[in-house]
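Input: a single structure, listed below in structure tokens.
Side chains are part of it too, since the values below use all heavy atoms of this structure and drop only hydrogens, waters and symmetry mates.
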Amino acid sequence: LLTAAGLGVTATNAVTLTKANAVGTVAGTVSAAGQGFSFKDDTTALTVDAAGGVTGITTNNGTVALTTATLGDLTLNQNINAGTGTIGLTSIGTVNQSGGLLTAAGLGVTATNAVTLTRNNAVGTVAGTVTAAGQGFSFMKDSKSLTVDSARDRTGIRTNNGNVRLTTTRYGGKTNNPNIADATRT
């Protein structure tokens, strides 16, 4: 169990901190190719920001998995860069992006409440589930195309009667994208 206001991790190989941690802010860098970064927070909201001399979370094409399991929202204030790896975000509350960008081949998100990832992200495939009634899923990608498919054990985008908004940008402007497939509400 780790208890701290902030935790910054720099490692060569995989970081797996998935016990009942209580950390407010997390940041990490993993330098070996294909090695991932996994962190679970059980008792507080979790923010990706700067901590311990590290800013955001970066892997060398490894997976990033962040979870708030018992309490709290997941807020992204800094970049999460998994390169050609995938990013998995799981929150008992909301998932919000107030700063930073997401970079990955795939992004899978599960949240009880709203998912709002509306910066110019660089993700190839997105999938997600929002379980609370009326809560929505919003995602923005800095590109002309976006694929909704399977990523991090999630398939498609599902809400419980919440709105789904997927946006791509084209030369700095927002456009509706005909390449978005299978955004559904259940």
Side-chain angles (χ1 to χ4, degrees), residues 1-11 14-30 35-52 54-59 62-82 85-104 106-119 121 123 125-140 150-160 162-165:
L1 169 67
L2 296 171
T3 302
L7 174 68
V9 179
T10 301
V15 172
T16 305
L17 301 169
T18 55
K19 299 292 181 187
N21 299 302
V23 174
T25 300
V26 68
T29 300
V30 178
Q35 298 295 305
F37 184 95
S38 297
F39 187 83
K40 178 181 175 186
D41 195 288
D42 257 9
T43 58
T44 63
L46 182 63
T47 301
V48 175
D49 209 324
V54 182
T55 301
I57 298 173
T58 302
T59 66
T63 328
V64 174
L66 301 175
T67 302
T68 63
T70 306
L71 295 170
D73 299 329
L74 178 55
T75 301
L76 312 178
N77 288 345
Q78 295 292 334
N79 295 343
I80 299 177
N81 187 342
T86 60
I87 298 172
L89 305 175
T90 303
S91 176
I92 195 70
T94 63
V95 176
N96 294 305
Q97 184 178 29
S98 58
L101 303 176
L102 300 172
T103 302
L107 169 68
V109 183
T110 299
T112 301
N113 294 312
V115 172
T116 309
L117 300 170
T118 53
R119 308 278 292 178
N121 298 298
V123 173
T125 301
V126 65
T129 301
V130 177
T131 59
Q135 298 293 307
F137 186 101
S138 298
F139 181 81
M140 179 184 283
S150 295
R152 300 283 305 157
D153 300 326
R154 294 136 177 116
T155 300
I157 295 175
R158 301 198 183 282
T159 67
N160 183 358
N163 292 325
V164 174
R165 181 177 180 174

Whether the side chain of [X] engages the backbone of [Y] through a donor-acceptor N/O pair (distance < 3.5 Å, no angle test) should be reported.
X: Asn121; Y: Leu102; answer: yes
X: Gln35; Y: Ala14; answer: yes
X: Thr44; Y: Val23; answer: yes
X: Asn163; Y: Gly136; answer: no
X: Asn79; Y: Leu101; answer: yes

Say you draw a straight line from [atom1] of [X] to [atom2] of [Y]; how long is it, rounded to the nearest 0.5 Å?
X: Arg165; Y: Thr118; atom1: CZ; atom2: OG1; answer: 8.5 Å
X: Thr55; Y: Asp49; atom1: OG1; atom2: CG; answer: 7.5 Å
X: Leu46; Y: Leu76; atom1: CG; atom2: CG; answer: 9.0 Å

**OP:** Could you please spell out the steps behind the side chain to side chain contact (heavy atoms under 4.5 Å, CB included) verdict for Thr58 and Phe37?
**Re:** CA-CA 8 Å; Thr58 302; Phe37 184 95; over 6 Å; no
Show the nearest heavy-atom pair for residues [X] and [Y], with the distance to one decimal.
X: Gly85; Y: Ala104; value: O-CB, 3.4 Å
X: Ala69; Y: Asp42; value: CB-OD1, 3.0 Å
X: Ala127; Y: Ala151; value: CB-N, 3.9 Å

Original post:
Looking at side-chain heavy atoms only, is the closest gap between Asn77 and Thr25 below 4.5 Å?
Top reply: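 Asn77 vs Thr25: side chains apart.
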Original post:
Is there a side-chain contact between Gln97 and Leu117, using heavy atoms and a 4.5 Å cut-off?
Top reply: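 When only atoms from C-beta onward are counted, Leu117 and Gln97 do touch, with a gap below 4.5 Å.
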Does a donor on one side chain and an acceptor on the other come within less than 3.5 Å for [X] and [Y]?
X: Asp73; Y: Thr94; result: yes
X: Thr155; Y: Ser150; result: yes
X: Thr131; Y: Asn160; result: no

**OP:** Take Thr75 and Thr47 through the test side chain to side chain donor-acceptor pair (under 3.5 Å) and record every step on the way to the result.
**Re:** CA-CA 5 Å; Thr75 301; Thr47 301; 4.6 Å; no
**OP:** Could you give me the CA-CA distance, side-chain angles and deciding distance for Val9 and Leu17, then say whether side chain to side chain contact (heavy atoms under 4.5 Å, CB included) is met?
**Re:** CA-CA 10 Å; Val9 179; Leu17 301 169; 4.3 Å; yes
Original post:
Hey, mind stepping through Val48 and Val26 against side chain to side chain contact (heavy atoms under 4.5 Å, CB included) and telling me if it holds?
Top reply: CA-CA 5 Å; Val48 175; Val26 68; 4.2 Å; yes
**OP:** Start with the C-alpha distance between Asp41 and Thr68, add both sets of side-chain angles, then the distance that settles side chain to side chain donor-acceptor pair (under 3.5 Å), and finish with yes or no.
**Re:** CA-CA 5 Å; Asp41 195 288; Thr68 63; over 6 Å; no
Original post:
With respect to Phe39, which candidate in Asn21, Thr67, Val15 satisfies the side chain to side chain contact (heavy atoms under 4.5 Å, CB included) definition?
Top reply: Asn21
Original post:
Can you list the steps and then say if Arg154 with Thr110 is a side chain to side chain donor-acceptor pair (under 3.5 Å)?
Top reply: CA-CA 8 Å; Arg154 294 136 177 116; Thr110 299; 2.7 Å; yes
Subject >> Verdict with supporting geometry, Arg152 and Thr90, side chain to side chain contact (heavy atoms under 4.5 Å, CB included) >> reply: CA-CA 11 Å; Arg152 300 283 305 157; Thr90 303; over 6 Å; no
